[in-house]
Amino acid sequence: MQPDQASKGIRVELWPWKYSESEEYEKNKHLVLEDAEKQLSSMRVFVTEEPDPRFRKRIESAIANNLYNSKESWSELIDRGMNVDDPIWEDYGETPIEIKNNCEHKIYGLPEILKLY
């Protein structure tokens, strides 16, 4: 994705994922890495430590579903069809959970309270 276009909510795919499996990729790998570096330098990555794998998947699902359902134009920047689990497995006794974002930075597209249900 081009950072200048992404900042306007426009998705431009420079290198499709399948491309990495081709011979042409090896020839252009340096360009792919340059573009990846530009994209990553235009972002902030937020990380949290959560030892429970199922709880991590619930958080990822809640974030992805929240962004997928956003009415904002930038929501089209999010890859669709990610393999996300259901935020709650009631049949396994999981209960709804709310997570409060106490980060000092605003995370666009996510509410201050993220609901996992």
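Given the structure is predicted, the values throughout are model-derived calculations rather than measurements.
- With sequence neighbours left out, S42 forms a side chain to side chain contact (heavy atoms under 4.5 Å, CB included) with P3.
- Taking CZ of R54 as the reference point, atom NZ of K57 lies at 8.0 Å (rounded to 0.5 Å).
- The CG atom of L116 sits 6.5 Å away from atom CD1 of I59, with the distance rounded to the nearest 0.5 Å.
- Nearest approach of S75 to L67, heavy atoms of both residues: CB-O, 3.4 Å.
- Residues meeting the side chain to side chain contact (heavy atoms under 4.5 Å, CB included) test with K71, sequence neighbours left out: none.
- Remark: P51 engages no residue in a side chain to side chain contact (heavy atoms under 4.5 Å, CB included) (not counting sequence neighbours).
- I107 has its side chain within reach of N101: a pair of non-hydrogen atoms, C-beta onward, lies under 4.5 Å apart.
- In this structure, the side chains of P53 and R56 come closer than 4.5 Å at one or more pairs of heavy atoms.
- With sequence neighbours excluded, the residues that form a side chain to side chain donor-acceptor pair (under 3.5 Å) with K100 are E112.
- In plain terms, the two heavy atoms of A6 and L77 that are nearest each other are O-CD1, 3.5 Å.
- Here the closest heavy-atom approach between residue L114 and residue L110 is recorded as CD1-CD2, 4.5 Å.
- No path of Ile, Leu, Val, Met, Phe, Trp and Tyr side chains, each step under 4.5 Å between heavy atoms, connects F55 with W89, placing them in separate hydrophobic clusters.
- Atom CD1 of I78 and atom CD of E72 lie 11.5 Å apart (nearest 0.5 Å).
- Among all heavy-atom pairs drawn from E76 and R11, the shortest one is O-CD, 3.5 Å.
- For the pair T95 and R58, the tightest heavy-atom approach, listed with the atom from each and the gap, is O-NH2, 2.9 Å.
- Among residues two or more places apart in sequence or in another chain, the side chain to side chain donor-acceptor pair (under 3.5 Å) test is passed with E50 by none.
- Minimum interatomic distance between P96 and I88 (heavy atoms only, all atoms of both residues): N-CD1, 3.5 Å.
- With rounding to the nearest 0.5 Å, the separation of CD1 in I97 from CD1 in I113 is 13.0 Å.
- Of the inter-residue distances, the one linking E23 atom CD with N28 atom CG reads 12.0 Å to the nearest 0.5 angstrom.
- Partners of W74 by ring-ring contact (aromatic ring centres under 6.0 Å, His included), not counting sequence neighbours: none found.
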